[in-house]
Amino acid sequence: MATAAQRRIKSVSYAKYGYIFILPFFIVYFIFALWPLLQTFVLAFCENGTREPAFIGLDNFKTILATPPENDFKAMGIHETFWRYFKNTLIIWVGNFIPQIALSLLLAVWFTDLRVKMPGKGFFKVVMYMPNIITAASVAGLFLALFGDSSYSVINTLRGCAMTKEEIAAAGLTAAPEPWKVITSVWGSRVLVMFIQVWMWFGNTMIMLMSGIQGINESLFEAAEIDGANSTQTFWRITFPLLKTIMVYTLLTSMIGGLQMFDIPFMLHTGNIINENIATIAVFVYQMFHSNFAKPSFGYSGAASVILFVITSILGALVFYVQRDKDAIAKKKQRKAAIKAAKAKAKGGGFSI
Amino acid sequence: MNKLKKSLALIATLAIASTAFVACGGDSTPANDTPADTSKAADETKPAEETPADETKPADETKPADDTASAENKIAETGDKLSVLCWTGDDVEKMIENFTAANPDYAGKVEYVNVGSKGQEAREQYANYFAGGEDADLFVLEADWILDYINNDEYTAPLTDLGFTTDDFKGCYDYTVSIGTDKNGVLKAASWQATPGGYVYRTDLAEEYLGAKTPDEMQKFVDSWDKFTETAKKVKDEHNIAMADTLGGMWQVWQYNRANAWADKDNKLVIDDFCKTYADLAKEYWDNGYVTKEDQWTDGWYQIGQDDSTMGYFFCTWCLGKGSMLSNAEGGEGGKTFGKYNITAGPSGWAWGGSWLALSPKCDNGQIAHDFVKYFTVDENTAKDYALFKSEFVNNPNAMKAIVDEGSNKNDLLGGQDQFSVLYEAAGNIDMDGKITAFDSQIKDAFNGAITKYVKGEVASYDDMITEFKKEAAKIEGLTVE
């Protein structure tokens with residue numbers, strides 16, 4: 001027979017408060033994340049040019065992916081734009097991710113190395129993280145001022161493109177040099193976007209990798225040092241293999257973020273027309289449903305989003321596959337084989353006698 | 001004890017939950033007020049709308065239903081402030097300043113609300129803004145996309161609701177009234193400005209290079225496009241200076257002089273001789289350096305006005321006021337070329353854009369809204385005041401005529417020249433009837449994108465450029481491209 005106190009304890013279930021506390025998150029999540037997500041999939045199969053679209057099946061995907069018929073300018077325009085932007089996305093992501101991870105890894109290793117007693121570590125960490133704090137709009141404005149096509153951008157002024165006639169005469173030239181058109185050139189603008197992305201994100205990646213390295217048991221590094229391993233050996237034999245999980249995480253987040261890159265490619269241009277050499281899939285999605293206020297093309301936007309989602313999923317699965325723990329899998333197989341063998345032994349025990 | 005814990009937990013939860021929704025609510029007070037007010041206003045509107053319509057029948061005027069002298073303001077004065085929505089304060093803030101100075105009773109009762117930072121942005125955001133609970137009484141529309149709004153009764157109410165009759169706008173330039181009229185013949189928006197443009201040039205350089213001492217003498221060098229090109233070649237070859245500011249500026253002059261609208265009645269894209277003529281000219285000007293290679297709306301655009309990179313700019317009325325583009329191009333007061341510009345009509349008459357005041361269906365300040373619209377568009381005297389106050393070319397030929405005759409306008413940016421006397425005639429010739437479509441801003445972007453590629457040699461031939469243009473334009477929903 002339970003006492004009154006025992007009974008009371010039993011009746012108080014704190015689990016319920018837990019649910020109540022997390023409820024706000026789920027409400028917000030369902031309204032602002034899950035529902036729009038599902039809606040995107042629905043819209044991908046709906047018509048364009050109206051705010052109440054009807055179902056049209058796979059037509060949007062066909063327009064975007066299939067080779068358009070001759071003289072169908074609409075299909076040609078959408079198809080070509082999508083693929084051009086898709087190519088841009090991949091180029092810019094690769095060109096941004098590789099230097100970024102290399103730079104971050106190098107700095108992370110230096111900052112965490114026991115032997116390199118670098119003064120002012122905290123200061124550098126803050127400074128390197130800083131670009132990430134600036135809003136993308138300001139960054140785009142800054143780089144337009146620095147590398148703009150205008151004769152009066154910083155880089156072109158330094159080259160003398162903005163010289164007045166008197167200055168040109170004084171310098172013994174006939175004319176000021178032609179300004180560099182970084183923003184409108186194909187590779188100039190792409191490299192610039194890659195650079196901006198690296199510059200903005202390497203601090204963030206570095207801090208993530210540093211936390212990964214700091215998570216490695218310090219005694220391993222000490223042991224390596226005592227055994228006489230040099231820093232290259234330590235890095236390749238200890239740091240790198242043990243950093244794998246955090247590397248997979250970085251790779252995945254960077255990939256998802258990179259494929260959805262929007263802000264800098266969208267803003268790095270002057271005038272009304274978006275720079276098509278750096279525009280990404282996310283820009284395509286935005287343009288499609290924003291370009292015409294009265295008749296938004298939700299269908300193409302939705303279809304492009306779904307295609308992007310499928311690509312992201314495939315690449316994500318690929319990363320997991322490549323980075324899977326082969327030892328663990330091999331061990332699991334071994335264990336299974338051993339159990340099988342043991343079972344077989346137990347079953348067929350009679351024969352061995 | 002237990003109860004206390006429970007209630008504490010509940011309170012904490014509610015507190016967290018409520019913060020999660022803070023962003024959605026916005027300012028809750030107007031949100032609660034406005035829907036009630038609008039529904040009231042809407043209820044009042046309906047029966048009232050029918051009565052004047054009945055009255056007009058004997059007069060045999062069916063189209064503008066409210067065209068009677070007995071029009072009354074159907075919108076009650078219930079809101080506390082008149083909100084005027086725009087994407088820039090350049091005009092609206094000056095208008096409010098001028099309006100409240102003349103009507104001290106309304107001081108502090110009119111406010112400017114910023115929606116977006118570009119016309120194109122405002123175009124998208126107005127609809128969202130209306131859907132929210134915020135106050136919106138009047139809002140500004142741009143020529144390029146005005147049709148989206150005035151042809152949609154959800155977003156704009158007829159100006160007759162404020163008690164205006166179409167007769168009230170007889171004093172305005174006709175083209176502004178016809179653009180502000182929707183497809184059913186209902187007047188939905190009124191403009192406070194007419195926007196003719198001219199060629200603004202450096203007086204010192206014109207005298208030195210061409211020997212032109214007055215605007216009239218300068219006009220002889222630029223009075224047709226052949227002449228303009230000839231002069232451009234001369235100044236480029238002899239003095240290495242561009243004749244006009246940017247390709248974008250030239251485009252504004254040319255696009256106004258198109259003979260056809262960009263889309264026909266069936267919403268089919270129209271590609272005519274204009275495209276070829278302009279493409280050739282643009283390429284010639286770009287390759288030979290008759291225009292600078294800067295872009296409009298950048299710092300470089302203003303710099304070229306100060307360092308002898310260009311002879312002049314294509315500017316229209318709203319580029320010439322205080323704190324405007326011309327002022328920037330001169331480096332502001334005390335700048336290097338301050339007051340060293342004059343205006344002349346240039347090779348062809350043209351107009352650039354224009355802004356219209358439209359009435360939001362949610363308007364709850366009928367009286368102030370009426371007075372505000374009247375002040376700037378209907379009343380000749382106050383329009384004249386504003387013209388002199390801001391150096392604005394107001395939408396009232398009589399007022400402008402009076403100013404020109406009096407010679408009371410002296411623009412310091414133009415060295416004391418009166419730009420209105422040059423532009424007055426051009427304003428009378430503005431003809432945009434049937435030339436604007438709802439697709440204009442996007443079609444123009446598509447065409448200019450293709451032109452840019454063409455002049456830079458990224459597309460090889462004119463035909464390739466047109467294909468490029470078609471592909472881009474075809475993406476516009478509702479437009480047919482063949």
Side-chain angles (χ1 to χ4, degrees), chain A residues 8 12 14 16-17 20-21 23-25 27-28 31-32 48-50 68 71-81 144-145 148-153 156 162-166 168 174-176 178-179 181 184 186 269-274 276 287-288 290-297 300, chain B residues 2 5-6 9-10 12-13 16-21 118 120 123-124 126-127 145 147-149 151-152 239-241 248 269 292-301 303-304 307-309 438-439 441-442 444-446 448-449 452 456 467 470-482:
Chain A
R8 213 176 61 210
V12 179
Y14 289 103
K16 149 172 109 188
Y17 299 112
I20 293 174
F21 272 115
L23 192 64
F25 166 76
I27 293 172
V28 172
I31 297 174
F32 293 109
N48 296 286
T50 159
N71 283 332
D72 183 347
F73 290 104
K74 186 178 188 108
M76 273 157 80
I78 288 170
H79 173 79
E80 285 174 20
T81 311
L144 277 176
D149 288 350
S150 162
S151 300
Y152 305 92
S153 66
N156 284 329
M163 282 193 288
T164 61
K165 275 186 203 146
E166 296 81 45
I168 292 170
T174 48
E178 275 288 301
K181 305 259 177 197
T184 47
V186 178
H269 64 90
T270 48
N272 288 336
I273 300 156
I274 288 168
E276 60 172 31
Q287 272 184 319
M288 275 298 144
H290 257 257
S291 55
N292 192 329
F293 154 76
K295 298 187 175 79
S297 301
Y300 296 126
Chain B
N2 224 349
K5 264 191 204 163
K6 269 188 193 172
L10 190 69
T13 318
I16 292 169
S18 62
T19 53
F21 288 102
K118 283 181 186 168
Q120 190 64 26
R123 174 197 194 184
E124 289 162 12
Y126 280 150
W145 41 269
L147 296 182
D148 277 348
Y149 274 88
N151 284 334
N152 189 335
H239 304 281
N240 192 23
I241 184 172
L269 181 70
T292 73
K293 294 187 169 60
E294 298 299 320
D295 284 316
Q296 282 182 316
W297 313 111
T298 60
D299 291 340
W301 190 35
Q303 293 284 340
I304 53 173
D307 68 358
D308 301 1
S309 296
F439 312 106
S441 60
Q442 287 161 281
K444 287 175 191 171
D445 280 355
N448 272 316
T452 310
K456 289 187 181 165
T467 312
K470 281 182 178 170
K471 280 192 279 192
E472 200 56 37
K475 286 197 248 166
I476 302 165
E477 208 54 56
L479 182 74
T480 325
V481 178
E482 279 170 9

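Proteins get letters first, then strands, A, B, ... in listed order; numbering begins at 1 in each. Keep in mind that this is a model prediction, so the values were computed, not measured.
Atom CG in D299(B) sits 12.5 Å away from atom OG in S151(A) (nearest 0.5 Å). Expressed to the nearest 0.5 Å, how far NE2 of H290(A) lies from CZ of R123(B) amounts to 11.5 Å. A distance of 6.5 Å separates CG of D308(B) from CD of E166(A), quoted to the nearest 0.5 Å. Atom CE of M76(A) sits about 9.5 Å away from atom NZ of K470(B), to the nearest 0.5 Å. Here CG of N48(A) is found 13.0 Å from NZ of K475(B). Values are rounded to the nearest 0.5 Å. Rounding to the nearest 0.5 Å places NZ of K471(B) at 12.0 Å from CG of D72(A).
Proximity to chain B is limited to the side chain of Y300(A), based on heavy atoms less than 4.5 angstrom apart. At a 4.5 Å heavy-atom cutoff, N152(B) makes no contact with chain A through either its backbone or its side chain. Heavy atoms of M163(A) lying under 4.5 Å from chain B are absent altogether. At a 4.5 Å heavy-atom cutoff, K444(B) makes no contact with chain A through either its backbone or its side chain. Residue L479(B): no heavy atom, backbone or side chain, is found under 4.5 Å from chain A. Residue A75(A) does not touch chain B at all, counting heavy-atom pairs closer than 4.5 Å.
Most heavy-atom pairs under 4.5 Å with chain B: of the set T81(A), L144(A), T164(A), V186(A), this distinction falls to T81(A). The most heavy-atom pairs under 4.5 Å with chain A, out of A474(B), G478(B), S309(B), come from A474(B). Of the listed residues Q442(B), H239(B), E482(B), K456(B), the one with more heavy-atom pairs under 4.5 angstrom with chain A than any other is Q442(B).
Between I273(A) and D445(B), the closest heavy-atom pair is CD1-O, 3.4 Å. S150(A) approaches E294(B) most closely through the heavy-atom pair OG-OE1, 2.6 Å.
Between V481(B) and K74(A) there is no side-chain heavy-atom pair separated by less than 4.5 Å.
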* Worked verdict on D307(B) versus Y152(A) for side-chain contact (heavy atoms from CB on, under 4.5 Å) -> CA-CA 11 Å; D307(B) 68 358; Y152(A) 305 92; 2.5 Å; yes
